[in-house]
Amino acid sequence: MRARSDRAKVLLPMPVGSGYDYRVPADMAVAPGDFVRVPLGPRHMTGVVWGEADGAVPDDRLKPIFARHDAPPLSAAHRAFIDWIAAYAVAAPGSVLRMTIPVPEALDPPVPVTGYRMAATPPKARITPPRRRVLEALAGAGTVEAARLRAGTDASAAVLSGMAKAGLIEAAPVAVRPDWPAPQPDRPGVALSVDQRSAAQSLGAAIGEGYVAFLLEGVTGSGKTEVYFEAIAEALREDRQAIVLLPEIALTAQWLARFEQRFGVRPAPWHSDLTRAQRRQIWRAAATGTAPVVVGARSALMLPMPALGLIVVDEEHDQSFKQEDGVVYHARDMAVVRATLEKAAVVLASATPSLESIANVERGRYVRLELPERHGGAVLPAAELLDLRREGPPRGRWLADPLVKAMAETLAAGEQALLYLNRRGYAPLTLCRTCGLRLECRHCAAWLVEHRLAGRLECHHGGHTRPLPRQCPECSAEDSFVPCGPGVERLAEEVAGLLPSARVLVATSDTIRGPAAAAALVQEVQDGAVDLLIGTQILAKGHHFPKLTLVGVVDADLGLAGGDLRAAERTWQMLNQVAGRAGRADRPGRAILQSWRPDHPVLRAIAEGDRDGFIAEEKAARRRFAMPPYGRLAAIVVSGRRAEPARQMAETLARRAPAQADLAVLGPTPAPLALLRGYFRYRLLVKATRAVNLQAYIRRWLSRTPQPGGVRIKVDIDPYSFY
Ligand code: ADP
């Protein structure tokens, strides 16, 4: 069919179809990639011209495109990226597009927003550190948008309005500046070691030379961040943009400060904690090429960038890069795909790379760069296994005496300690001592977790909360509930009894909400206002605490339970990461791992620091069972408000699975979390060799199986969660 310039196919950010035809008005010209405003039923919507119309709709039924947005078009590479993810994840292209334009109003002309400027005659007032940062940022800067001011100074909205009230600054409307202050690549960085320099040179030389993928491996503190900063510097020198993905954005306060130290300004952030106005501005800055560097959580990968030259995925092994809802995708893997399509460099950095990435090095797809030692001669702490079978704590306690003794010694020496337990709340299980009833969530097949500080029970899967009942709903006994097992709050209680003078801080996602709280925590620890940190994985990543010399892992076996394919790998990664928090700079560190199974191969490998041994063993096991990265997996999760239709659908699917060589459909089985947020769930697992086109198979299979109403089917390619 010949292309007609009076029609165009427009992809809309919605989970259906792959684009609709629209009429192009005579006075308008559009090209693929243009952002356009189109009618959809009674509404208007922003979409992207995707290509030629398919011509099936008669002329008189075609609706016209209303307007073309004044914005750079979405590049051909980015459009190919969207189609690629949709095909790979078995998702609608429109759903993927929606991740690229999450704030469509960013395409509208900017409206004036609230800004602040220096007061002409500032009164005498108390100048706190955030206030000082604001005043410094405003000095000689005219009126600065509130959002930009906050991002640049870490001051809260309350600080700004407080300063305005005190007369230190004045509010005034200001047009949103489209650009982002430019990081300066040529400010002096640290003097790199020989190994660091060689790695930095390899990265730098690759920028602007087309697609290449690196795995940057080095223990915590070996300088991976400093090294990839040099790659960013090179991208900046070549006028290319860079995206940096970090696992938990709440933890990036220190990272941002280091970036600022190196490049003179902060990069544009992209994460869920931003206001809509901030997102609008940053999206526009990224899409127009005026934000040279964006750092963010996995969703930053979807931002349009006209001059992308580099993607960095820090802590590439981290599970939070896998998106489990909506379009199910892995941001690390998609970063590599995007780099391929954009002809850019991609750097995956980790102290404990994923087996997937290690396999890609072995297949010759990634270039491995290694930083063999910690900077400045600091040594990784020796991990000591504390055998709970022999030296376990007395009943009702969770910390064994040798660990408590080490904590006391560390604190007496004026140093800091960290207790790691990946369990929020007070106790993971509450049961009635009279009748044995376990308190469970009504909406999920899960126990309710007592949160004593908040005074309630909480479901860690669906988020449902309720007060702890005084009376057992089963046997009516009063005050009969007992907590079983420890959470971080319970550890804090135990420590208060054992080391009463220790200043303890509990850090979990309950207590550290957002970047400002994380920054405050880091400050407190660095200032020495805290002796002992007790926390979950929120503490395991990215922080550098110079005075922290002891790490105690309360339950090193926790992650090994359950039938998860990656249980050993994840435990290895997590424990290495946690142990890596101890002993930096000139102080040697100690890591003590409490375990009931100290002869487990994973724990032995950690104690012996045997990276190669662990990886060899884990690879052999995966190979033996043809599991990823040596085979392919996809999970199909069928769920519904009512159990029976969901179960039937899952069984119908299993029955109708087309026969195919080198592929097996396993299940269905009730999911381990058979009830989640009120949905009954059944799982099927598709297992195939690497030669099989899994997506084509699944599409064919699903399209042949009629789907009843009230039942949802989720396809999860390369699943990471098995509950
Ligand atoms: P990683 O990312 O591998 O954990 P970092 O890049 O964060 O390591 O480095 C750990 C610490 O050592 C940081 O405080 C960093 O600034 C410092 N550091 C690393 N390399 C050097 C160097 N060559 N000179 C000075 N400081 C360095």
Side-chain angles (χ1 to χ4, degrees), residues 183 187-204 214-234 242 244-249 251-264 266-267 293 295 310-318 321 332 347-354 357 368-381 416 418 518-519 522-523 525-526 537 539-549 551 573-589 591 609 611:
R187 286 165 50 100
V190 298
L192 297 180
S193 71
V194 173
D195 293 317
Q196 291 172 339
R197 195 167 339 118
S198 133
Q201 276 166 354
S202 303
L203 298 182
F214 293 96
L215 177 64
L216 178 60
E217 181 173 351
V219 293
T220 310
S222 57
K224 297 183 294 296
T225 313
E226 299 293 347
V227 167
Y228 73 66
F229 274 179
E230 294 317 303
I232 296 174
E234 190 53 33
V244 182
L245 300 182
L246 298 172
E248 303 220 6
I249 199 65
L251 300 181
T252 60
Q254 269 187 337
W255 191 96
L256 290 174
R258 280 178 68 187
F259 187 96
E260 185 173 6
Q261 219 167 39
R262 171 67 182 81
F263 295 106
R266 296 200 166 198
V293 181
V295 55
L310 171 69
I311 308 175
V312 177
V313 185
D314 200 355
E315 312 280 12
E316 67 91 34
H317 62 276
D318 199 272
F321 288 122
R332 174 198 59 224
V347 178
L348 312 179
S350 175
T352 49
S354 62
S357 294
R368 179 167 179 268
L369 301 173
E370 196 192 357
L371 300 178
E373 51 198 37
R374 283 188 130 179
H375 169 69
V379 281
L380 266 181
Q416 294 165 322
L418 174 133
V522 169
Q523 199 59 49
V525 179
Q526 280 178 348
Q537 56 176 349
L539 284 178
K541 288 166 208 153
H543 293 300
H544 305 303
F545 299 128
K547 276 193 258 170
L548 187 90
T549 55
V551 168
Q573 288 161 343
M574 183 50 77
L575 294 182
N576 267 297
Q577 205 158 34
V578 178
R581 296 304 114 203
R584 294 220 155 201
D586 50 350
R587 293 166 211 245
R611 174 224 182 249

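Whatever order the structure lists them in is the order used to number ligands and atoms, beginning at 1.
Close approach of ligand 1 to L192 is summarised as follows: ligand atoms under 4.0 Å from at least one heavy atom of the residue are 23 (N). Of all the atoms in ligand 1, the ones that sit under 4.0 Å from a non-hydrogen atom of T220 are 4 (O). Heavy-atom contacts of A191 reach the following atoms of ligand 1: 22 (C), 23 (N), 24 (N) (cutoff under 4.0 Å). Remark: ligand 1 atoms within the under-4.0 Å shell around heavy atoms of G223 are 1 (P), 3 (O), 5 (P), 6 (O), 8 (O), 9 (O), 19 (C). Proximity to E226 (heavy-atom distance under 4.0 Å) selects the following atoms of ligand 1: 6 (O), 15 (C), 16 (O), 19 (C), 20 (N).
Ring pair W255/F259 is parallel by interplanar angle, where below 30° counts as parallel and above 60° as perpendicular.
Ligand 1 has a nitrogen or oxygen under 3.5 angstrom from a nitrogen or oxygen of K224.
Across the listed options R258, E217, Q196, R258 owns the non-hydrogen atom lying nearest to atom 6 (O) of ligand 1.
In this structure, G218 falls outside the shell of residues with a heavy atom less than 4.0 angstrom from ligand 1. At least one heavy atom of V219 sits less than 4.0 Å from an atom of ligand 1.
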Next item on the list: Would you sort out whether R332 and S357 count as a side-chain contact (heavy atoms from CB on, under 4.5 Å), showing the intermediate values?
Entry: CA-CA 10 Å; R332 174 198 59 224; S357 294; 3.8 Å; yes
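Side-chain contact check for Q577 and T220: no donor-acceptor pair (N or O, by modelled atom type) lies under 3.5 Å.
Distance check, rounded to the nearest 0.5 Å: NZ of K224 to CD of E370 gives 11.0 Å. Atom CD of E217 sits about 9.0 Å away from atom OG of S222, to the nearest 0.5 Å.
Residues F214 and Y228 keep their aromatic ring centres 6.0 Å or farther apart.
A salt bridge does not link E230 to R197: none of the charged nitrogens lies less than 4.0 Å from a carboxylate oxygen.
For V190, every heavy-atom contact with ligand 1 shorter than 4.0 Å involves the side chain, none the backbone.
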